Amino acid sequence: MNHPPYLDKLNEVQRQAAMQINGPVMIIAGAGSGKTRVLTYRIAHIIKQGNDAFNILALTFTNKAAREMKDRIETVVGPEARNIWMGTFHSVFAKILRIEAEKIGYPRDFTIYDTDDAKSLIKTILKEMNLDEKLYKPGLVYNRISNCKNSLITHKEYIKIPELLEADASTGRPLISKIFATYSSRCYKAGAMDFDDLLLNTHKLFKEHIDVLYKYQHKFKFIMVDEYQDTNLCQYMIVKSLASMYENICVVGDDSQSIYSFRGANIQNILNFEKDYPDLKVFKLEHNYRSTANIVNASTSIIANNKERLDKNIYTDNPDGEKIRIFRSPSDNEEGKAIAQSIFEEKHKNQLSNSDFAILYRTNAQSRAFEESLRKHNIKYKVYGGISFYQRKEIKDLLAYLRLVVNPNDEEALKRIINYPARKIGGTTIDKLVVLASENDVTMMEIVKNAHMFSILGSAVAHLRDFNIMISSFQSMLTAKNAYEIAEYVAKQSTLLKTLYEDKTVEGVSKYENIVELLNSIKEFTEDDTSESEKSLAAFLQEIALYTDADKDDDGEEKVTLMTIHSSKGLEFKHVYVVGMEENLFPSQLSLSSRPELEEERRLFYVAITRAEEQLTLSYATSRFKYGNLIPCEPSRFLEEIDPRYLDMSAAMVKREPLFKPKENQNYGTGYGMNVGKTVAKPQASIKVSENFSPSDSNLIREEQVVEHQRFGIGKVLKLEGEGDNRKALIEFEGLGQKTLVLKFAKLMIHP
DNA sequence: TACTAAGCTCTTTTT
DNA sequence: GAGCTTAGTA
């Protein structure tokens with residue numbers, strides 16, 4: 001078939017998929033089959049055919065993926081590419097909602113509540129309703145509400161569905177529907193939307209305002225959805241209605257990589273696509289260009305254990321490459337050491353850069369051991385996920401001020417900063433404000449503004465007035481000043497900057513630096529002229545509300561990547577280490593009990609393996625710390641599912657037994673001064689084993705002494721050094737090897 | 001009202 | 001181990 005020269009870089013199937021720009025298209029793209037490349041050239045082709053970039057909508061999974069694709073299209077078609085509407089579902093719909101918000105009764109500058117804000121609002125509601133937080137766990141309630149919204153069930157529909165109400169009643173939580181209703185109305189009054197509302201309200205907007213839907217149906221003549229297997233019902237319905245005018249819709253996905261069902265993703269969306277569009281054209285990309293044959297074959301041997309699959313046959317022309325290695329370590333810390341050591345060796349042996357390596361794990365909490373040992377080897381690394389920059393307390397504090405300035409009804413922001421830095425508005429006063437606000441059916445800020453009218457507030461009135469004057473002075477800057485000017489002024493006038501500047505502790509200094517960094521990024525935002533979006537404070541707040549760690553620009557330095565398997569989707573690395581391959585961790589305990597068929601966990605394993613281009617290492621530990629206790633671990637069942645032909649059997653063997661059995665859990669009690677930043681050894685009544693250990697009697701520890709550590713278990717002191725507070729002991733722990741502990745901080749006891 | 005020490009509970013994954 | 005809540009004190 002003839003094709004334009006700019007499509008030379010595609011293979012035959014890829015090219016056909018790229019050139020089929022009219023009508024419904026589904027591309028089933030196996031891992032490493034060049035899916036992004038096809039999407040990129042398909043969009044380029046649409047533009048080269050004389051279509052306007054304004055008429056293209058491309059929904060991707062991350063902002064980063066969108067940005068990369070945009071850049072690549074730009075090199076083919078030029079600056080025109082900037083006009084494509086491209087981004088995540090959440091960011092694109094937030095953009096539409098900002099234009100149309102008033103039609104559904106929201107302010108233009110609505111706030112976006114993140115998960116923390118949402119949970120905190122739920123907590124407040126529980127408190128007001130006098131409900132037990134242990135029964136109605138805020139996280140659980142939030143998940144339930146979120147799941148409903150993703151399935152297009154609003155609080156009004158919720159009470160009409162007997163199954164849901166019965167389920168709540170049977171778990172002893174009959175008031176969920178009530179909480180849901182209150183939560184929704186509070187968000188609405190606060191002019192705030194949570195992540196799910198961004199989708200739900202877009203759906204509502206299109207359903208209730210046919211003229212608006214019509215406008216966007218016309219605008220988006222070509223629609224493309226990446227990672228289609230991860231869309232939920234709400235996203236599916238929005239896309240379907242937008243596409244119903246031209247039906248030029250192309251979805252790209254891989255059922256084997258569907259790993260977001262907990263977020264409402266429905267694998268049926270991809271399996272059902274054919275029913276929605278009978279004249280659908282299907283293209284299958286089965287040629288893997290990314291990985292060695294060993295890796296491709298091993299991944300196929302694993303995913304074959306799943307029953308729910310679309311028929312496809314992944315193959316590669318790449319050489320066999322190395323076999324898959326398996327590491328076994330006695331503990332999670334040793335696992336960290338082994339991996340860091342391995343990276344160090346491979347890097348020097350094969351002249352690789354740090355960025356050629358990735359360490360992938362199931363849960364964010366696992367990053368710790370690897371960070372420590374990478375630091376020891378002086379290997380630069382970057383952790384994605386976990387606590388990100390924008391989740392830090394000081395950052396959220398300043399952002400809360402800015403949110404309140406833009407949207408005075410934002411209650412979560414108000415509660416956060418009304419007394420921070422301290423201005424004598426304590427818990428009692430805040431409780432009164434909450435009650436007054438709900439009694440008078442207005443927002444808390446309204447009460448603050450009119451504090452003098454409520455005698456119950458007593459002496460707090462004066463402080464509330466000062467607070468109100470300060471916020472009003474910030475608000476008066478909104479029209480005249482840009483985002484940076486306002487933010488800098490707010491940081492200074494709120495005394496936030498001063499408070500942190502005066503704090504000379506290590507944490508204080510780093511907090512101050514973080515605030516300065518945030519201010520710099522706002523400055524960058526206001527000065528950035530490559531994008532045409534507006535530069536208001538509201539625009540900045542909206543942009544970062546949907547910003548995640550994975551979107552962060554690299555600072556150019558070569559670093560080892562540490563991330564969860566979930567966030568690794570779409571990425572590739574020469575050498576990949578999948579760590580924590582243990583039963584109950586991966587597959588996770590929760591999915592073992594709730595979904596024993598483990599299909600999604602297996603797809604997750606598949607995703608992890610197929611990130612690797614040249615070398616893959618799977619690693620597990622035979623013991624691991626949990627809540628400060630050492631527990632034995634068994635290797636993951638997934639290790640046994642790999643066809644052994646692709647495994648390097650010379651490495652540590654897979655055996656279903658731990659190297660040693662730690663003692664039964666003991667109650668060591670607490671009381672070790674667990675508060676942040678301090679570790680003080682203190683005698684504690686609940687410790688029953690022989691004599692207690694405290695800083696003053698570190699001279700009780702002698703060489704040859706048998707001691708017991710709260711975390712590391714039984715050990716023998718080999719050597720002592722240092723004086724007073726610096727006194728250290730080299731101790732050989734059973735099964736864990738040698739460790740040097742500073743006696744002042746060590747949680748040690750002398751063993752009988 | 002603010003601060004500190006002790007006590008309690010928790011762990012999937014993300015926009 | 002860590003964040004958060006509670007109780008007790010200043």
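So you know, we letter chains A, B, ... as the sequences are listed, proteins then strands, and number each from 1. From a predicted model like this one, the values you see are computed outputs, not experimental measurements.
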Output the single nucleotide from [options] whose closest atom is nearest the side chain of [X].
| X | options | value |
| --- | --- | --- |
| A/Thr564 | B/dT11, B/dT13, B/dT15 | B/dT13 |
| A/Lys123 | C/dT5, B/dT11, B/dT14 | C/dT5 |
| A/Ala365 | B/dT13, B/dT11, B/dT15 | B/dT11 |
| A/Leu590 | B/dT1, B/dT11, B/dT14 | B/dT11 |
| A/Arg263 | B/dT13, B/dT11, B/dT15 | B/dT15 |
| A/Thr115 | B/dT15, B/dA2, B/dT14 | B/dT15 |
| A/Thr363 | B/dT1, B/dT14, B/dT13 | B/dT13 |
| A/Arg368 | C/dA2, B/dT11, B/dT13 | C/dA2 |

Give a yes or no on this: more than 12 heavy atoms of other residues, nucleotides or ligands lie within 6.0 Å of atom NZ of A/Lys393.
yes
So what does A/Asn419 touch, heavy atoms closer than 4.0 Å: a base, only the sugar-phosphate, or nothing?
sugar-phosphate
Identify whether any heavy atom of A/Lys137 sits under 4.0 Å from a base atom; if not, whether one sits that close to sugar-phosphate; answer base, sugar-phosphate or nothing.
sugar-phosphate
Name the residue closer to the 5' end of DNA chain B, choosing between A/Thr429 and A/Ser594 according to the nucleotide with the nearest heavy atom.
A/Thr429
On DNA chain B, check which nucleotide each of A/Thr88 and A/Arg423 is closest to and give me the residue with the more 5' one.
A/Arg423
Side-chain N or O of A/Asn364 closer than 4.0 Å to phosphate OP1/OP2 of B/dT13
yes
Short side-chain N/O contact from A/Asn584 to OP1 or OP2 of B/dT11, under 4.0 Å:
no
Output the rounded distance in Å from [atom1] ([X]) to [atom2] ([N]).
| X | N | atom1 | atom2 | answer |
| --- | --- | --- | --- | --- |
| A/Tyr361 | B/dT14 | OH | P | 9 Å |
| A/Gln257 | B/dT13 | CD | C1' | 15 Å |
| A/Glu600 | B/dT14 | CD | C1' | 12 Å |
| A/Arg602 | B/dT13 | CZ | P | 21 Å |
| A/Lys119 | C/dC4 | NZ | P | 11 Å |
| A/Lys393 | C/dG3 | NZ | C1' | 13 Å |
| A/Leu199 | B/dT15 | CG | C1' | 8 Å |
| A/Leu140 | B/dT9 | CG | P | 16 Å |

Parallel under 30°, tilted from 30 to 60°, perpendicular over 60°: which one fits the rings of [X] and [Y]?
| X | Y | value |
| --- | --- | --- |
| A/Phe586 | A/Phe605 | perpendicular |
| A/Phe540 | A/Phe525 | perpendicular |
| A/Tyr106 | A/Phe110 | perpendicular |

A/Gln366-A/Thr363 side chain donor-acceptor pair, cut-off 3.5 Å:
yes
Could you tell me if the side chain of A/Ile456 sits less than 4.5 Å from the side chain of A/Leu436, heavy atoms only?
yes
Quick check, does A/Phe89 stack with B/dT15? I mean ring centres under 5.5 Å and planes off by under 30°.
no
